[in-house]
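Order of appearance sets the numbers: ligands from 1, and atoms from 1 within every ligand.
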Amino acid sequence: MTAAQPEFRQPPGPTEPVSLGIDPETLARLWNLQREYGDMVSMTKPNGRLVYFVNDPAEVRRILTLRHAKYHKGPGFERVKMLLGNGLIVSDGDVWRRSRTMIQPAFSRQNVHKLMQVMVECCDRRAVHWADLAARNEVCNMTAETSDFALELILISTFGSDYERRIIAGGENPFAFLSRDSTRDLSVVMKVRQLRELLLSIIADRRAGDGANEFDFLSMYLQATDKKGQGFTDAELLDELMTLIVAGFETSANTLNWVWYLIARHPEVEAKLIAEAHEHLPNVSALSAASLAAMQYTQQVLEETLRLYPPVWLFTRRSHADDELEKFDVPSGTDIYLSPFVLHRTERYWSDPERFDPGRFAPTEKPKKDRPFFPFSLGPRRCLGEYFSFLEMKVHLGLLLPRFHMRVVDDAQPELELGINLRSATEIFMQPKER
Ligand code: HEM
C-alpha cells in the first residue's frame with residue numbers, strides 16, 4: 001500500500017490567464033483579485049507560469065524573512081538589470097551574499113553620521129535657490145527640486161570632492177538625466193554606459209592613491225574585502241556604484257516630493273513639524289544624530305507618507321525551490337507578487353486608509369511590526385539605505401520647512417505614475433515664501 005500524496009494546497013484564483021506587469025493596469029488587477037479572492041490568490045500568466053499574489057501579512061513576512069533563500073528576484077528585474085548590471089539590488093544567491101557582506105559596513109550608523117554635513121550642504125544649495133524664487137515671486141518645481149537634492153546628495157556621498165572636481169567639472173551634471181527621465185528605457189541604458197569611462201577613470205585614480213583622505217561610499221567600497229580577502233573588481237564596482245546612485249536617490253526624492261505636497265495640504269501637520277524643528281534644531285549647529293532621533297513627529301510624517309506612497313510599490317520574486325508556506329504550497333518556479341501599496345491601503349489593517357494621518361505612527365499606537373508596513377522590505381534583503389534616507393529626509397525637512405512656506409499651486413490631486421518606482425505622474429509646483 002502506498003502512502004496517499006498530501007493534497008497540493010493552492011490558493012483560490014481566476015481560471016483565465018492574467019497579464020501582470022509593473023504598471024497601473026497591474027495595480028487595478030491586483031486590487032480586483034484581492035477583493036474577489038482574498039489574501040492569497042493564484043493564477044497563471046498567458047505564458048503558463050504560475051503566479052501567487054500574496055496579501056497575507058504573515059505569509060509576506062515569511063517569504064521575505066525565514067524563507068528568503070528559496071526566492072530570487074522576480075519578473076521586471078530584467079529591465080533593472082540592463083541598467084544596474086549585477087549590482088546588489090538585482091543580484092541573487094552567492095553573488096548577492098558576497099556583495100551584501102562587503103557593502104553593509106559602509107552603511108553603519110557611525111558612517112552615515114559622518115555624511116550629515118553633506119546633507120546640510122545640499123539643503124543650503126536648495127535654500128539659496130528657493131530664496132531667489134521667493135524674492136522673484138516665481139513658482140518652484142518641487143518634483144525637480146527634491147530629485148536634484150537627492151541626486152546631488154548621493155553623488156557627493158559617493159564621490160566626495162571628485163563630484164566637484166571630476167563629475168560636474170564640465171558645467172553639466174552627467175547624471176542629471178537620471179532625475180529628469182523616469183522611463184529607464186534603452187536610451188537611459190545607453191547614457192549609463194557612456195558614464196562608464198568617467199567612473200573608471202575616477203576608480204583608477206583612487207586605486208592609485210588619489211583621494212586617500214576622502215570619506216565617501218567609493219572609498220569604503222574600495223576598501224571592502226570578501227572572506228578570501230579580495231576586493232571588488234572594476235566591473236563589479238561599476239555595477240555597485242550605479243546601483244547605489246539609482247537606489248539611493250529616486251526613492252528618497254519621490255518620498256520628499258510627496259511629503260511636501262502632503263504638508264502643504266495639511267497646515268496642522270506643518271505647524272507641528274515646524275514646532276518640533278524649532279525645539280530640536282533651533283540652528284544648524286544643534287544638528288546631531290541625537291537631535292534628529294528626537295524628532296519623533298517628523299519620523300511619523302515620513303512613515304505615513306511612505307505608507308501612502310511606498311516608492312517600491314510592487315515586489316516580485318521567483319521561487320527556485322519548492323516551498324511550503326503556512327497555508328499553501330509553492331512549487332519551484334512560481335512568481336510571487338507582493339504589494340506594499342495594496343497592503344498599506346487595506347482597510348482591515350489601516351482604518352480610513354486613504355486619509356493622511358501621521359498619528360497612526362505615534363508611539364502610543366500599535367507597533368509597526370504588528371501591522372503590514374514594509375516600504376523598505378523585510379529580512380536579509382531589506383533596504384541598506386533606510387537609516388541614511390531617514391536622516392537625509394529629516395535634515396531636509398528640519399532645515400528647510402521652518403524657513404520656507406510652500407503653497408500648492410494646483411489643488412488637483414496628482415495622478416500616480418506606477419513604474420519601477422511610484423512617482424507623481426505630473427510635476428508638483430509650489431509657491432515658496434520665506435517665513
Ligand atoms: C525612502 C527611501 C527608500 C526606500 C523606500 C527604499 C526601498 C527599498 C526597497 C523596498 C528595497 C528592496 C527591494 C526588493 O527587495 O525588491 C531596497 C533595497 C535597497 N536599497 Fe533602498 N530605499 C530607499 C532609500 C535608499 C537609499 C538612500 C539607499 C542608499 C544610500 C538605498 C540602497 C538600497 C540598496 C543598496 C538596496 C539593495 C539591498 C539588497 O538587495 O541587499 N535605498 N530599498
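Of all the heavy atoms of Phe249, none lies under 4.0 Å from any atom of ligand 1, so neither backbone nor side chain is involved. Residue-level proximity to ligand 1 for Glu250 is absent, since no heavy atom of it falls below 4.0 angstrom. Residue contacts with ligand 1 for Phe77 involve side-chain atoms from C-beta outward but no N, CA, C or O (heavy atoms, distance under 4.0 Å). Contacts between Glu386 and ligand 1 below 4.0 angstrom, taking non-hydrogen atoms only, are absent altogether. Residue Ile154 touches ligand 1 through its side chain alone, judged by heavy-atom distances below 4.0 Å. Neither the backbone nor the side chain of Phe374 has any atom closer than 4.0 Å to an atom of ligand 1 (non-hydrogen atoms only). Of the heavy atoms in Leu88, both backbone and side-chain atoms come closer than 4.0 Å to ligand 1.
The shortest N or O to N or O distance between Ser389 and ligand 1 is not below 3.5 Å.
Proximity to Phe107 (heavy-atom distance under 4.0 Å) selects the following atoms of ligand 1: 29 (C), 30 (C). Per-residue contacts place Pro311 under 4.0 angstrom from the following atoms of ligand 1 (heavy atoms of the residue considered): 5 (C). Every atom of ligand 1 is numbered from 1 in the order shown, and the set under 4.0 Å from a heavy atom of Phe315 is 10 (C).
Protein heavy atom at the shortest distance from atom 23 (C) of ligand 1 is Thr251 OG1, 3.2 Å. At the shortest separation from atom 1 (C) of ligand 1 among protein heavy atoms lies Thr255 OG1, 3.5 Å. Counting protein heavy atoms only, atom 18 (C) of ligand 1 is closest to Cys383 CA, 3.6 Å. The protein heavy-atom contact nearest to atom 38 (C) of ligand 1 is Arg100 NH1, 3.4 Å. Ranking protein heavy atoms by distance to atom 15 (O) of ligand 1, first place goes to Arg317 NH2, 2.7 Å. Scanning all protein heavy atoms for the shortest distance to atom 10 (C) of ligand 1 gives Pro375 O, 3.3 Å. Given atom 14 (C) of ligand 1, the protein heavy atom at minimum distance is Lys73 NZ, 3.2 Å. Atom 27 (C) of ligand 1 has its closest protein heavy atom at Gly248 O, 3.4 Å.
Looking at heavy atoms from C-beta onward, Asp124 lies out of side-chain contact with Val284 at the 4.5 angstrom threshold. Using a 4.5 Å cut-off on side-chain heavy atoms (C-beta onward), Ile103 and Tyr221 make contact. Contact annotation: the side chain of Phe341 approaches that of Leu416 to within less than 4.5 Å [non-hydrogen atoms, C-beta and beyond]. Residues Met406 and Trp130 are in side-chain contact: their nearest non-hydrogen atoms beyond the backbone lie under 4.5 Å apart.
A donor-acceptor contact under 3.5 angstrom links the side chains of Asn257 and Thr143, judged on distance only. Side-chain contact, Thr346 with Asn55: no donor N or O sits under 3.5 Å from an acceptor N or O. For Asn32 and Arg29, the side-chain atoms include no donor-acceptor pair closer than 3.5 Å.
In this structure a side-chain-to-backbone donor-acceptor pair under 3.5 Å is present from Asp322 to Ser332.
Taking each of Phe376, Phe390, Phe388 in turn, the one with a heavy atom nearest to atom 4 (C) of ligand 1 proves to be Phe376.
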TODO: List the steps and the verdict of side chain to side chain contact (heavy atoms under 4.5 Å, CB included) for Lys227 and Thr101.
DONE: CA-CA 9 Å; Lys227 55 183 182 221; Thr101 319; over 6 Å; no
TODO: Decide yes or no on side chain to side chain contact (heavy atoms under 4.5 Å, CB included) for Val51 and Val41, but give the supporting numbers first.
DONE: CA-CA 8 Å; Val51 180; Val41 187; over 6 Å; no
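For the ligand labelled ligand 1, residue Trp96 lies inside the 4.0 Å heavy-atom shell. Leu244 counts as a contact of ligand 1, since one of its heavy atoms falls under 4.0 Å from the ligand.
Using a 4.0 Å cut-off between charged nitrogen and carboxylate oxygen, Asp205 and Arg166 count as a salt-bridge pair. The pair Asp92-Arg318 does not meet the salt-bridge criterion, since no charged nitrogen lies less than 4.0 angstrom from a carboxylate oxygen.
With Ile22 as reference, Leu314 is the one residue of Leu27, Leu314, Asn421 to meet the side chain to side chain contact (heavy atoms under 4.5 Å, CB included) rule.
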